[in-house]
Number of protein chains: 2
Amino acid sequence: MSESAIRRLSLYLRALEEMGDDGEEIVSSRLLAERVGTTGPQVRKDLSLFGSFGTRGLGYAVRPLRVRLRDILGLSRRWSVALVGAGRIGAALVAYPSFRERGFEIVTILDNDPEKIGTRWNGIAIGPVERMEEAFRRNPAEVAILAVPAEAAQDAADALVRVGVRGIMNLAPVRLRVPEGVAVKHVDMAVELESLSFALRHLVR
Amino acid sequence: MSESAIRRLSLYLRALEEMGDDGEEIVSSRLLAERVGTTGPQVRKDLSLFGSFGTRGLGYAVRPLRVRLRDILGLSRRWSVALVGAGRIGAALVAYPSFRERGFEIVTILDNDPEKIGTRWNGIAIGPVERMEEAFRRNPAEVAILAVPAEAAQDAADALVRVGVRGIMNLAPVRLRVPEGVAVKHVDMAVELESLSFALRHLVR
DNA sequence: CAATGTGAACTTCTTCACAGCG
DNA sequence: CGCTGTGAAGAAGTTCACATTG
């Protein structure tokens with residue numbers, strides 16, 4: 001069950017959601033593959049890791065497959081999310097509607113800036129990071145989005161683990177150390193840009 | 001030369017930059033590995049893809065390795081960057097100082113919102129996306145950061161390719177189709193969150 | 001003696017070909 | 001007849017062991 005297979009499932013789900021709204025009933029592995037930039041066999045392999053959802057000779061029924069994928073990905077429930085770091089990136093994420101649509105609801109926002117503490121974003125009062133425990137007693141979250149400066153990230157992550165967070169999406173340019181049983185996904189734009197740079201280094205100018 | 005090896009090089013470089021400021025002269029593959037969350041042999045394998053930079057029995061000299069890595073990654077030059085999409089995410093990226101520090105300079109900002117066009121961000125006047133060609137004649141860019149809504153992303157990417165962009169970092173939740181010779185890196189937070197959800201789906205509650 | 005550099009073993013992921021089935 | 005489901009082949013990436021060398 002590779003990480004990349006899971007990521008592709010998420011892409012398949014997105015494609016199916018876009019399709020459903022267009023009224024398509026059936027989709028072939030080939031077509032789905034085209035939409036997410038992979039191949040038919042890859043799609044079938046990925047899906048077959050979790051069962052047989054298709055009909056031979058026909059393809060996959062869009063709606064049921066969508067339901068199955070949501071289920072597999074753990075998206076048929078609500079996830080409570082804590083946002084740590086109410087800077088510009090945090091602001092962008094809070095305003096981003098598709099997280100909530102997909103079941104991720106921000107219930108707690110924490111920051112250290114005294115100017116921000118007490119103000120409300122989307123109806124949620126921003127609390128101080130030092131009072132994380134208190135904030136979590138009121139509004140516990142299973143997942144956290146970490147959007148603080150690099151220097152503050154590891155401490156914040158430690159605190160999050162202490163209050164029971166089981167998954168962290170980290171936007172700070174630091175590799176977090178977390179104990180077993182806590183999942184971390186790194187979104188590292190510097191790394192992405194630098195790998196672009198590598199790809200272009202001999203092609204350009 | 002795997003994608004993941006390149007990403008690790010970028011992490012090694014970051015670690016080395018942090019170290020250099022602390023005055024450490026020599027680093028072992030083991031130590032470097034620890035800082036980025038991998039293993040000594042992995043570090044040595046990755047580096048050996050590009051040459052032998054270490055001293056047996058000793059380790060790697062921090063500063064020269066840093067220089068070599070910058071070179072390998074194509075970071076010993078300046079890259080001009082066009083930002084398409086001056087929403088909240090765009091705002092966060094423009095304000096983020098480490099892009100510029102690492103040689104990526106935003107020279108053009110484009111958006112479609114009439115309210116924004118003409119205003120200045122970091123001294124750069126926001127232009128209309130429709131006049132991309134004109135904007136690029138004035139301030140050409142090799143790389144683009146795409147931070148527009150999903151529906152607008154493919155059209156914007158097509159336009160960017162037409163004006164000569166060779167690499168795109170895409171933040172829109174869409175898989176872009178681009179011709180051969182154009183590199184795309186996807187930063188897809190929905191996918192990251194959903195793969196977190198998958199990891200937690202049976203562990204939590 | 002300590003840590004690199006690397007071929008070889010191993011493991012994981014992807015591609016392929018085709019049997020199976022509606 | 002068409003498209004899925006899958007075992008087997010192939011490719012890619014990682015780990016390991018150790019010979020090498022300052």
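In what follows, chains carry the letters A, B, and so on, assigned in the order in which the sequence lines appear, proteins first and then strands, with residues in each chain numbered from 1. This structure is a prediction, so every number in the text was calculated from the model and none was measured.
- In the model, B:Ser29 has a side-chain atom that pairs as donor or acceptor with a side-chain atom of B:Arg44 under 3.5 Å.
- Per the geometry, CG belonging to B:Leu58 stands 11 Å off P belonging to C:dG5, to the nearest Å.
- Contacts between residues 33-46 of chain A and DNA chain D, defined by a heavy-atom separation below 4.0 Å, involve A:Arg44, A:Lys45, listed by number.
- Following rounding to the nearest Å, A:Arg30 (CZ) and C:dC16 (P) show an atom-to-atom distance of 13 Å.
- The closest donor-acceptor contact from the side chain of A:Glu142 to the backbone of A:Val81 lies at 3.5 Å or more, if one exists at all.
- Atom-to-atom, CG of A:Leu49 to C1' of C:dT14 comes out at 12 Å; the value is rounded to the nearest Å.
- Straight-line distance from the CE atom of B:Met1 to the P atom of D:dA11: 18 Å, rounded to whole Å.
- Electrostatic pairing of A:Arg201 and B:Asp71 does not count as a salt bridge here, judged by no charged N lying under 4.0 Å from a carboxylate O.
- Distance from the side chain of B:Ser2 is smallest for D:dG13 among the nucleotides D:dG13, D:dG5, C:dG22.
- Side-chain contact annotation: A:Tyr12 with A:Ser10, donor-acceptor N/O pair under 3.5 Å absent.
- Closest to the side chain of B:Arg56, out of C:dT14, C:dG22, C:dT4, is C:dT4.
- Neither OP1 nor OP2 of D:dG22 sits under 4.0 Å from any side-chain N or O of B:Thr55.
- Mapping B:Tyr60 and A:Glu3 onto DNA chain C by nearest heavy atom places B:Tyr60 at the nucleotide closer to the 5' end.
- Across the protein-nucleic acid pair, B:Leu65 atom CG and C:dT4 atom P stand 11 Å apart, rounded to whole Å.
- When rounded to the nearest whole Å, the span between CD1 of B:Ile26 and C1' of C:dA2 equals 13 Å.
- Note on A:Ser29: a side-chain N or O is less than 4.0 Å away from OP1 or OP2 of D:dT4.
- Atom P of nucleotide C:dT6 and atom CZ of B:Phe50 are separated by 14 Å, given to the nearest angstrom.
- A salt bridge is defined here as a Lys NZ or Arg NE, NH1 or NH2 lying under 4.0 Å from an Asp or Glu carboxylate O, and A:Arg63 with A:Glu25 fails to meet this definition.
- Just one residue in the list A:Asn139, A:Leu83, A:Val143 forms a side-chain contact (heavy atoms from CB on, under 4.5 Å) with A:Ile106, and that residue is A:Leu83.
- For the pair A:Arg8 CZ and C:dT12 C1', the interatomic distance rounds to 12 Å; values are reported in whole Å.
- The aromatic rings of B:Trp79 and B:Phe104 sit parallel, their planes meeting at an angle under 30°, below the 60° perpendicular limit.
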